[in-house]
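Single-structure report; data block below.
These numbers come from the heavy atoms of this one structure, side chains and all, not from hydrogens, waters or symmetry mates.
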Amino acid sequence: MARHLITSALPYINGIKHLGNMVGSMLPADVYSRYLRQRGHDVLYICATDEHGTPAELAAKERGLPVDEFCAQAHDAQKAVYDGFALAFDYFGRSSSAENREITQHFARKLNENGFIEERAIRQVYSPADGRFLPDRYVEGTCPHCGYDKARGDQCENCTRVLDPTDLIDPRSAISGSTELEVRETKHLFLLQSKLQHEVEEWVSRHEQDWPQLASSIARKWLTEGLHDRAITRDLDWGVPVPADTWPELAAEGKVFYVWFDAPVEYIGATKEWADQDPENRDWKSWWYEADDTVRYTQFMAKDNVPFHTVMFPATELGVREPWKKVDYVKAFNWLTYYGGKFSTSQKRGVFTDQALDILPADYWRYFLIANAPESDDSSFTWEHFTATVNKDLADTLGNFVNRVLSFSKKRFGEEVPAGAEAGEAEAKLGEEIAGLLAEYETQMEALQFRKAAAALRALWSAGNSYLEEKAPWLEIKTDPEAAALTLRTAMNLIHLYAVVSEPFIPASSAAMRAAFSLPDDTATWITEAEAKALTTVPAGTPFTVPPVLFAKLTDEDLETYKERFGGTEG
């Protein structure tokens with residue numbers, strides 16, 4: 001089987017993420033990883049918190065904590081939420097790790113040796129009151145376009161216009177609030193992406209036909225506009241230090257690498273963190289170095305991260321002139337909106353992942369988000385849509401099927417799977433249908449088409465209900481108990497099948513369905529076509545229990561409560 005390396009865009013350390021962040025990277029990566037593991041592949045799913053940059057320093061200052069302590073606490077808080085969502089990372093690291101520092105500095109040295117880094121003097125805002133140069137986000141003021149008085153020196157969050165610190169009206173230091181700012185000359189390192197333009201174009205051209213149109217179009221747009229040399233250092237206290245053995249003057253000034261230079265390297269760094277926990281049994285380089293022919297690398301991200309992963313980081317890897325693994329497939333997502341408006345971490349608009357888990361178990365969210373993933377275009381979260389999906393697909397189609405089959409069988413035949421008559425024409429027809437739907441589900445999962453995969457999974461669940469309605473064991477029991485027992489036995493085999501194949505979407509509920517049957521040798525990780533047609537995995541005589549209700553229906557009162565708490569109007 002193939003070796004699959006999977007990464008999802010690193011969640012920024014500053015605050016708990018919202019549902020849009022979850023469905024745009026980590027959750028689909030988890031669903032895909034789980035599926036591949038079930039099919040027998042060797043999978044390594046790596047992610048980490050992205051901890052460097054101005055927002056981390058500002059958030060730490062606001063909390064009154066040293067930035068390293070703030071990041072450690074925030075990492076643990078995020079990891080707890082991801083555990084709650086049952087994200088099965090092989091490793092969830094930190095970009096502030098020693099491993100990432102080591103590899104980032106190695107990349108910078110090699111780029112410099114190969115002529116792709118240049119030291120340049122630039123003019124930058126300086127705050128005498130703070131005794132330091134201020135990165136763009138450390139300068140705040142009034143937006144000249146919309147009048148928003150908390151605009152940052154890189155962008156106005158209110159009108160989204162890109163800014164320069166010198167554009168702001170009444171600029172002030174975000175650290176001290178001082179308005180006595182100057183513009184002084186300082187030196188920074190620039191990555192000469194312009195010299196790598198043609199190599200990046202050739203690399204993208206070899207891969208873009210395989211990528212989703214969203215990813216390839218964004219990469220092509222950036223390449224068409226031309227790659228510009230980019231400053232890769234900042235004047236911050238927190239970050240990967242510029243190595244003193246290569247740039248002693250800049251190191252003495254306390255320069256650190258720009259967060260977007262070191263963050264993608266953390267995919268490699270986190271893999272080394274993982275290996276360093278068990279070096280005798282884990283080889284991180286086998287996944288990243290000279291691995292083009294042995295590893296299939298898939299990245300998951302929202303569309304705003306696409307340029308960094310399809311153009312900028314590949315440029316870095318190419319410039320290093322070493323055989324580092326580059327991405328094979330970029331699964332890019334559009335935006336999930338909240339009633340048509342943006343989720344916003346800073347403005348607390350929309351549902352955040354910790355709040356979601358306070359309301360309902362993870363499987364409710366996992367299924368809804370993947371079934372409505374913003375793949376071809378933006379999709380909108382509304383409480384009305386969420387409630388309708390939970391009630392129709394999870395509570396009625398799946399949950400009710402499981403409950404009524406097991407409850408009815410226990411009531412009429414006891415706590416063992418009944419034997420009943422031999423399978424007949426209806427069961428043969430059902431088996432053919434299930435095998436076909438399972439094949440469709442597999443096809444869409446292999447193609448990373450998550451909405452279509454969810455539709456195929458839903459069709460599998462619906463097929464069981466249609467069979468149950470057609471056979472009507474509650475009527476059969478009155479005239480032909482053996483026929484009713486056959487129907488129930490077949491339906492219980494469907495429940496077991498659902499437990500296995502639904503695991504990537506709803507792992508907790510799948511475990512509950514599987515645990516309902518006392519099958520001591522139940523080691524199946526997937527269902528073969530022959531097993532799907534036969535539906536005999538759970539034999540007669542198998543003890544079973546009726547699990548608690550898998551999915552509770554949401555009421556009109558629930559809907560109004562959610563809308564009142566989070567808002568439910570157009571953005």
Inset, instruction - State, without any angle test, whether D130 and S173 hold a side-chain donor-acceptor pair at a distance under 3.5 Å. - result: yes

Inset, instruction - Using a strict cut-off of less than 4.0 Å between a Lys/Arg side-chain nitrogen and an Asp/Glu carboxylate oxygen, indicate whether R152 and D154 qualify as a salt bridge. - result: yes

Legend entry - Pairs touching residues 251-261 that satisfy salt bridge (Lys or Arg N to Asp or Glu O under 4.0 Å), sequence neighbours left out: D235-K255, E253-K255

Inset, instruction - Using only heavy-atom distances, determine whether the side chains of Y338 and T382 contain a donor-acceptor pair under 3.5 Å. - result: no

Legend entry - NZ/NE/NH1/NH2 to OD/OE distance under 4.0 Å, R321 and E113: no

Legend entry - Rounded distance (nearest 0.5 Å) linking atom CG of L27 with atom OG1 of T353: 11.0 Å

Legend entry - Test of ring centre spacing under 6.0 Å for W365 and F386: yes

Inset, instruction - Determine whether the aromatic ring centres of F92 and Y82 lie less than 6.0 Å apart. - result: yes

Inset, instruction - Examine distances only and state if a side-chain atom of D76 and a backbone atom of Q73 form a donor-acceptor pair shorter than 3.5 Å. - result: no

Inset, instruction - Sequence neighbours left out, what pairs pass salt bridge (Lys or Arg N to Asp or Glu O under 4.0 Å) with at least one residue falling in residues 167-180? - result: E140-R172

Legend entry - Pairwise distance CG(N112) to CG(N114) - rounded to 0.5 angstrom: 9.0 Å

Inset, instruction - Apply salt bridge (charged side-chain N to carboxylate O under 4.0 Å, His left out) to K150 and list each qualifying residue two or more places apart in sequence or on a separate chain. - result: none

Legend entry - Where at least one partner belongs to residues 309-320, residue pairs that pass salt bridge (Lys or Arg N to Asp or Glu O under 4.0 Å), sequence neighbours excluded: none

Legend entry - Aromatic ring pairing W247/F257, orientation class (parallel under 30°, perpendicular over 60°, tilted between): perpendicular

Inset, instruction - In plain terms, say whether D276 and R282 are close enough for a salt bridge, that is, a side-chain N and a carboxylate O under 4.0 Å apart. - result: no

Legend entry - Set of salt bridge (charged side-chain N to carboxylate O under 4.0 Å, His left out) partners for D229, sequence neighbours left out: R120

Inset, instruction - For the residue pair Y267 and H309, confirm or rule out a side-chain donor-acceptor distance under 3.5 Å. - result: yes

Inset, instruction - Using the test side chain to side chain donor-acceptor pair (under 3.5 Å), find all partners of E62 that sit at least two apart in sequence or belong to another chain. - result: none

Legend entry - Check: S178 main-chain N/O paired with S176 side-chain donor or acceptor under 3.5 Å: yes

Inset, instruction - Would you check if the side chain of H41 reaches a backbone N or O of V43 as a donor-acceptor pair within less than 3.5 Å? - result: no

Inset, instruction - Applying side chain to side chain donor-acceptor pair (under 3.5 Å), name anything that partners Y126, two or more places apart in sequence or on another chain. - result: none

Inset, instruction - Identify the two heavy atoms, one from W203 and one from L318, that lie closest to each other, and give their separation to 0.1 Å. - result: CB-CD1, 4.3 Å

Legend entry - Enclosure of H198 NE2 (heavy-atom neighbours >12, cutoff 6.0 Å): no

Inset, instruction - Answer whether the closest heavy-atom distance between the side chains of W260 and N305 falls below 4.5 Å. - result: yes

Legend entry - Check: S380 side chain, G340 main-chain N or O, donor-acceptor pair, under 3.5 Å: yes

Anything under 3.5 Å between a donor and an acceptor, one on a side chain of residues 443-451, the other on a protein residue two or more places apart or in another chain? List them.
{"unit_1": "T443", "atom_1": "OG1", "unit_2": "A439", "atom_2": "O", "d": "2.9"}
{"unit_1": "Q444", "atom_1": "NE2", "unit_2": "E440", "atom_2": "OE2", "d": "2.8"}
{"unit_1": "E446", "atom_1": "OE2", "unit_2": "Y35", "atom_2": "OH", "d": "3.1"}
{"unit_1": "R451", "atom_1": "NH1", "unit_2": "A373", "atom_2": "O", "d": "3.2"}

Legend entry - D292 with K326: basic N within carboxylate O range, under 4.0 Å: no

Legend entry - Candidate list F343, Y12, F381, F566, test ring pair (Phe, Tyr, Trp, His ring centres under 6.0 Å), partner H18, passing option: F343

Inset, instruction - May I ask you to check whether H52 and D262 show a side-chain donor-acceptor distance below 3.5 Å? - result: yes

Inset, instruction - Go through the steps to decide whether T54 and R234 satisfy the test side chain to side chain donor-acceptor pair (under 3.5 Å), and finish with yes or no. - result: CA-CA 9 Å; T54 310; R234 293 291 189 271; over 6 Å; no

Legend entry - Between E273 and Y91, a side-chain donor and acceptor under 3.5 Å: yes

Inset, instruction - Provide the full list of salt bridge (Lys or Arg N to Asp or Glu O under 4.0 Å) pairs with a residue in residues 79-107, sequence neighbours left out, each pair given once. - result: R37-D90, E51-R94, K79-D83

Inset, instruction - Measure from the side-chain N and O atoms of N21 to the backbone N and O of K17, and report whether any donor-acceptor pair falls under 3.5 Å. - result: no

Legend entry - Pairing residues for E202 by the salt bridge (charged side-chain N to carboxylate O under 4.0 Å, His left out) criterion, not counting sequence neighbours: none

Inset, instruction - Would you please say whether a donor-acceptor pair under 3.5 Å links the side chains of H188 and Q124? - result: yes

Inset, instruction - Would you please indicate if the ring centroids of Y329 and H207 are separated by under 6.0 Å? - result: no

Legend entry - Residues that H106 engages under ring pair (Phe, Tyr, Trp, His ring centres under 6.0 Å), provided they are two or more places apart: none

Inset, instruction - Please name the residue in the list W287, F107, Y297 that meets the ring pair (Phe, Tyr, Trp, His ring centres under 6.0 Å) test with W324. - result: F107

Inset, instruction - Give, for atom CD1 of I122 and atom CZ of R184, the distance between the pair rounded to the nearest 0.5 Å. - result: 14.5 Å

Inset, instruction - Taking atom types as modelled, find out whether T166 and R123 have a side-chain donor-acceptor pair closer than 3.5 angstrom. - result: no

Inset, instruction - Could you grab the distance from atom CG of D30 to atom CZ of R366, nearest 0.5 Å is fine? - result: 4.5 Å

Legend entry - Partners passing salt bridge (charged side-chain N to carboxylate O under 4.0 Å, His left out) against E290 (at least two apart in sequence or in another chain): none

Inset, instruction - With the side chain counted from C-beta on, respond yes when L227 and V200 share a heavy-atom pair under 4.5 Å apart, and no when they do not. - result: yes

